[in-house]
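Naming: A, B, ... by sequence-line order, numbering from 1 per chain. Being a predicted model, the structure only gives us computed values, none of them experimental.
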Amino acid sequence: MIRLFNTLSGQIEPLSPADGSTFRMYACGPTVYDYGHIGNFRTFCHVDVLRRTLLLEGLNVRHVMNITDVDDKIIRNAAQAGLPISQYTQKYERAFFEDLDALTVARPEIIARATEHIPFMVSLIQRLAAQDIAYQTEDGSWYFRISRFPAYGKLSKKDLTGITDGARVDVDEYEKDSARDFALWKAPKPGEHFWQTELGPGRPGWHIECSAMAMEYLGESIDLHAGGEDLMFPHHENEIAQSECATHKPFARHWFHVRFLLVEGRKMSKSEGNFFTLRDLLLKGYKASAIRMLLISVPYRQQLNFTFEGLAAETAAVERLRAFHQRILAAPRAAETNFELLAETEECRIAFRTGLENDLNTAEARAAIFELVRAGNAATDSGTLSQENAAAILDALREFDSVFAVLEDRDAAITKFALDWAEHEGRLDQAAPEVLAQRGLTDDQIQSLVDERTQAKRARNFARADQIRNDLAAKGILLEDSKDGVRWRRK
RNA sequence: GGCGCGGUACCCAAGUGGUAAGGGAGAGGUCUGCAAAACCUUUAUGCGCCGGUUCGAUUCCGGCCCGCGCCUCCA
């Protein structure tokens, strides 16, 4: 049974599906107006860890994620690019999913685009209008009357009684009854794309899309709602207000918020020069697996300080896990089972599960697996690993990887993908020199150099052999001699 | 100002009222033409500071110092 911190109650609570069979969760997705940055992906990776842990616990999961494909920034950027909104967002939506794939974030069962669900939003607003909770202003926009929802602020623990109306009101919004009232439906400004609906022409406010789509796919009361910590207020607070006023039922039983990360000790921002998209990091030569590992290794409620040193550390950690996995697959089997190791393996497996069940303590879970690495390696060294031992260890690793998802090595292919993208976008100059250098080398070319070196070694021409190795190293290709021949890999 | 989070070894980081997980880096070793990789061993009498409670506190309580987040449609 997973126990998880619930923002709403401020407590760690057991997590289970209300209907006893399927866990219904909704996670706020991206606004597709630009490439995703590592802060975005920390949230998506942790939601992925939650989802995978639920599945590991044997639950059925129905997970919905929205794509916000219409909003102010999109309208602005699309206009600047001279493109229709849909064409503009399509590019970034595709990039978003490519990035999720790179980070082995599993797809939710349902992906819902805001622009494809306008009628659901309209009818939800109409339900509110029927109660006079939604009201229309002179320009045709619709707003939510916060004074009608006394529980407003219960999620973010805000006391709004001290907020005086009129203190900070946009010129555009002077018609609102209260400064805190938020937009449900925005009337179009001249030239803006709009939908013609029973509410009048316009487009949805941001908050309404999540309420409408969550209810459409998951019902009026859902098990869990997730997002970054910044969404707690006002976005999620507004979702609660809209939904609960419309249905008179609790909207989400459990609220899950992922904390922001810092980059090199500071809040990530373009002006600080520490703002990174996933693609920026791939072009610098960092591996997708290491990025995922770093993003999820610090528990979701903890501020993560994302550093290049940390990235290097996680690169090494992932490599060690992969090497261990390969070693156990290939290691000679002893005739006798090592019962001490068998017990240790089970302890580690349980510790891994216990860590995750304890408020998704990924640090604790991860530590348990490295404990297994040490024990498994020691047994392999001493030749006491039996078939039964190996099978148990591989089972534990499978369980680990069903959540962490870093054992399969797709890094080189992902980096290549990023380079191809950079070339297409005219951004190859942003790639690190070493990454570019190895791009010029095909696998065949590398292999023939490796073969030449092997010949040189056989002829005891070590000077030539070392020269080839050093040349390749300068291009980011590492050679490793072993009993079974030479292995090479792209750094 | 309001609400909230954190300060644990060189770096990252878990954790418990009874004596500090794990990763990385460093050091030593095994292996190797030399490397690299891999593996093994090793590294905090100490957990921001000061008081208190307790047989005993890093863990509980109080105060202080420092860092950070949200309070404007930024994950």
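Annotation: A:Y92 is not in aromatic contact with A:F97 [ring centroid separation under 6.0 Å not met]. Checked against a 6.0 Å centroid threshold, the rings of A:F251 and A:H225 count as neighbours.
Distances shown here put a side-chain N or O of A:K267 below 4.0 Å from the OP1 or OP2 atom of B:C70. Between A:N361 and B:G15 there is a side-chain polar atom (N or O) within less than 4.0 angstrom of OP1 or OP2.
For A:R320, taking side-chain heavy atoms from C-beta onward, the closest of the listed nucleotides B:C40, B:G6, B:C68 is B:C40. You'll find that the side chain of A:K73 is closest to B:C73, out of B:C73, B:A37, B:G69. Nearest nucleotide to the side chain of A:R374, out of B:C40, B:A21, B:C73: B:C40. Which of B:G24, B:G33, B:A13 sits closest to the side chain of A:K457 comes down to B:G33.
In the interface, the side chain of A:K186 is paired with the base of B:C73 through a donor and an acceptor atom under 3.5 Å apart. Residue A:R469 places a side-chain atom within donor-acceptor reach of the base of B:A35, judged by atom type and a 3.5 Å distance cut-off alone. For A:N305 and B:C68, a side-chain-to-base donor-acceptor distance below 3.5 Å is absent, hydrogens and geometry of angles not being considered.
Taking atom C1' in both B:A9 and B:G48, one finds a spacing of 15 Å when rounded to whole Å. A gap of 26 Å separates the P atoms of B:A36 and B:G22, to the nearest Å. With both ends at atom C1', the span from B:C10 to B:U19 equals 25 Å, rounded to whole Å. When the C1' atom is used for both B:C64 and B:U54, the distance is 23 Å, rounded to whole Å. Remark: the separation of the C1' atoms in B:A44 and B:G26 is 15 Å, to the nearest Å.
In summary, A:D381 and A:R327 engage in a salt bridge, as defined by a charged side-chain N under 4.0 Å from a carboxylate O.
When each of A:F370 and A:L304 is assigned the nucleotide of RNA chain B bearing its nearest heavy atom, the one mapping closer to the 5' terminus is A:L304.
A:R490 places its CZ atom 23 Å from the P atom of B:A36, with the value rounded to the nearest Å. Per the geometry, CG belonging to A:D71 stands 9 Å off P belonging to B:A75, to the nearest Å.
Put simply, A:F260 rests on the base of B:A75: the two rings are less than 5.5 Å apart at their centres and nearly parallel, under 30°.
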